Amino acid sequence: MKKHNFSAGPSILWPQVLEEAAKAVLNFADSGLSILEISHRSTHFIEIMEEARALALELLGLQNKGYSAVFLHGGASLGFVMVPYNLMRKNGRAAYLETGTWASGAIKEAKNFGETIIAASSQESNFNYVPKNYDIPADVDYFHCTSNNTIYGTQMKSFPDIEIPLVCDMSSDIFSRELDFSKFDLIYAGAQKNIGPAGTTLVILKNDILGKTGRTIPGILDYRQHVERESMYNTPSVFAIYTSLLTLRKLKAMGGIAAIE
C-alpha cells in the first residue's frame, strides 16, 4: 500500500503523474534525452511551457479574460517580495489580512516597500480563526490575503468584494475548490502542495495591474518581464514545470476543479 504524506508539502503526486515523469527522466518523447537534459529553448519544452500556462488559466476559468500565467522560481516566499515591488506605488501603502505564519511573512516583506496596514489579525488567538467584518481602506494599492493557512488549519471561505486589486497566496489550496477566480487580480502559489514538485511557483495575474508603481524594478523581479518573455526570462525549472503540466492534464481529464472538490 502506498504511504500518504499529510505534511503541508512537498506532497503526494498521482501515481500516473509519477510514472510518466519517471519515463521522461530516462527518455523524454523518444528524444534520446532526459527531461532533465533538454534545452529550455527547445521546441519540446516551449510546447510544455505553453500548454502548462494555458491549462492553468483554463482550469481557473480565466482564459481570454486579460490574465497571464507564468512559472517562476523562489516559491511563495519570493512572491512576498515581488507583490509589493510590483504593486505598491512609491510612497504608497497596502493592506494585509494576517492569518498565519505565511501571511506574517508577507507582511514583513511588504514593510520594506511602504506603509503596510494590517486590516485584521488573529495572531492574539494563535491564528485559530480567520477574521471577519474588517475594513479595508479604499485608498490602498492592493489587499493581500492567504487563502489557506497551513500549520494552523484555517481556510478563507469567502473573499471581499473590493474595487482595489485583490492579491492572494493560494499555495496550499489552489485547484482544490471552485471559486470565482476572476475576483483576484494576482494569485501566486508554490507548486509543491497541489500542482507538482517543489521548484516552481505559479503566478496568475491580470495584465492591466502592472507598471503603475513608478518604481524601477530589477528585471528578475518584474512580473512584466516574465509575462513578456513567457516565463523564459531565465532558465525555468524544466522538470518541475513538466511534472506540474502532467498534474494539470490529469486534473482536466478528471473533470477539473469541480470534480476534484
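Along the sequence shown, residues are numbered consecutively beginning with 1. Worth saying up front: this structure is predicted, and the values here are computed from it rather than measured.
Remark: of the listed residues Arg89, Arg93, Lys90, Arg93 is the sole one forming a salt bridge (charged side-chain N to carboxylate O under 4.0 Å, His left out) with Glu115. Of the options Leu26, Val238, Thr243, a side-chain contact (heavy atoms from CB on, under 4.5 Å) to Ile35 is made by Val238 and by none of the others.
The hydrophobic clustering, which links ILVMFWY residues whose side-chain heavy atoms are closer than 4.5 Å, places Leu186 and Leu57 apart. Under the 4.5 Å side-chain heavy-atom criterion for grouping Ile, Leu, Val, Met, Phe, Trp and Tyr, Val167 is not connected to Tyr134 through any hydrophobic cluster. By the criterion of side-chain heavy atoms lying less than 4.5 angstrom apart, applied directly or through intervening Ile, Leu, Val, Met, Phe, Trp or Tyr residues, Leu179 is grouped together with Ile257 in one hydrophobic cluster. At a threshold of 4.5 Å between side-chain heavy atoms, the hydrophobic network of Ile, Leu, Val, Met, Phe, Trp and Tyr places Ile187 and Phe80 in two separate groups. Leu246 and Val25 fall within the same hydrophobic cluster, defined by Ile, Leu, Val, Met, Phe, Trp and Tyr side-chain heavy atoms under 4.5 Å apart, directly or through other members.
Interatomic distance, CG of Leu251 versus OG of Ser244, reported as 12.0 Å (0.5 Å rounding). If you take OH on Tyr152 and OG1 on Thr146, they are separated by 12.0 Å, rounding to the nearest 0.5 Å. Within the model, atoms CD1 of Ile209 and CG of Leu87 stand 4.5 Å from one another, a figure rounded to the nearest 0.5 Å. How far NZ of Lys157 is from CG of Asn148: 7.5 Å, rounded to the nearest 0.5 Å. For the atom pair His4 NE2 and Ile12 CD1, the distance stands at 5.5 Å (nearest 0.5 Å). Taking CD from Glu109 and OG from Ser104, the interatomic distance works out to 12.0 Å, rounded to the nearest 0.5 Å.
At least one donor-acceptor pair under 3.5 Å links the side chain of Ser42 to the backbone N or O of Phe45. In terms of modelled atom types and a separation under 3.5 Å, the side chain of Thr247 and the main chain of Ile195 share a donor-acceptor contact. Panel note: side chain Asn86, backbone Leu221; a donor-acceptor pair is recorded below 3.5 Å. Between the side chain of Asn126 and the main chain of Asn128, no donor-acceptor pair closer than 3.5 Å is present. A side-chain donor-acceptor contact under 3.5 Å links Arg215 to the backbone of Met88. Formation of a donor-acceptor pair under 3.5 Å by the His73 side chain with backbone atoms of Thr200 is not found in this model. Side-chain atoms of Asn194 never come within 3.5 Å of backbone atoms of Phe175 as a donor-acceptor pair (strictly under, hydrogens ignored). At distances below 3.5 Å, not a single donor-acceptor pair connects side-chain atoms of Ser122 with backbone N or O atoms of Pro131. Side-chain atoms of Asn207 come within 3.5 Å of backbone N or O of Gly66 as a donor-acceptor pair. With hydrogens and angles ignored, the 3.5 Å screen pairs no side-chain donor or acceptor of Ser172 with any backbone N or O of Met170.
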Determine whether Glu230 and Met49 satisfy the following criterion, side-chain contact (heavy atoms from CB on, under 4.5 Å), listing intermediate values before the conclusion. CA-CA 8 Å; Glu230 300 178 332; Met49 180 67 85; 5.7 Å; no
Worked verdict on Thr154 versus Asn149 for side chain to side chain donor-acceptor pair (under 3.5 Å): CA-CA 5 Å; Thr154 60; Asn149 302 285; 2.9 Å; yes
Take Lys250 and Glu20 through the side-chain contact (heavy atoms from CB on, under 4.5 Å) test and state the conclusion after the steps. CA-CA 11 Å; Lys250 170 69 173 174; Glu20 196 164 347; over 6 Å; no
Between Leu205 and Tyr188, does a side-chain contact (heavy atoms from CB on, under 4.5 Å) hold up when you go through it step by step? CA-CA 8 Å; Leu205 54 86; Tyr188 61 105; over 6 Å; no
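Within 6.0 Å of NZ in Lys252 there are 12 or fewer heavy atoms belonging to other residues, nucleotides or ligands. Within 6.0 Å of the CD atom in Glu163, the count of heavy atoms belonging to other residues, nucleotides or ligands does not exceed 12. Atom CG of Asp180 is surrounded by more than 12 heavy atoms from other residues, nucleotides or ligands within 6.0 Å.
Put simply, the side chain of Thr150 reaches to within 4.5 Å of the side chain of Trp102, judged on heavy atoms. Side-chain atoms of Met232 and Ile46, non-hydrogen and from C-beta on, do get closer than 4.5 Å to each other. Side-chain atoms of Cys145 and Leu166, non-hydrogen and from C-beta on, do get closer than 4.5 Å to each other. Annotation: side chain of Phe143 is not in contact with side chain of Pro137 (no heavy-atom distance under 4.5 Å). Using a 4.5 Å heavy-atom cutoff, the side chains of Asn27 and Asp30 are in contact. With a 4.5 Å cut-off on side-chain heavy atoms, Ser68 and Tyr223 do not count as touching. Residues Val81 and Phe113 meet the side-chain proximity criterion, which asks for heavy atoms closer than 4.5 Å. Put simply, the side chain of Tyr142 does not reach to within 4.5 Å of the side chain of Ile164, judged on heavy atoms.
Under the 6.0 Å cut-off for aromatic ring centres, Phe181 and Tyr67 do not qualify, their centroids lying 6.0 Å or more apart. Residues His144 and Tyr96 place their aromatic rings such that the two centres sit under 6.0 Å apart.
Taking the six-membered ring where the residue is Trp, Phe159 and Phe184 present perpendicular rings, their angle passing 60° and hence far from 30°. Between His44 and Phe28, the ring-plane angle classifies as perpendicular under the 30° and 60° cut-offs.
The heavy-atom pair separating Ala189 from Thr201 by the smallest distance is O-CG2, 3.3 Å. Minimum heavy-atom separation, His226 to Asn234: CE1-OD1, 4.4 Å. Nearest approach of Ala21 to Tyr242, heavy atoms of both residues: CA-CE2, 4.2 Å. Across Ala56 and Ile204, no two heavy atoms sit closer than the pair CB-CD1, 4.3 Å. The two residues Lys206 and Ser182 come nearest to each other via the heavy atoms NZ-O, 4.3 Å. What you find for Gly256 and Leu59 is that their closest heavy atoms are CA-CD2, 4.1 Å.
Qualifying salt bridge (Lys or Arg N to Asp or Glu O under 4.0 Å) partners for Asp161, counting only residues two or more places apart in sequence or in other chains: Lys183.
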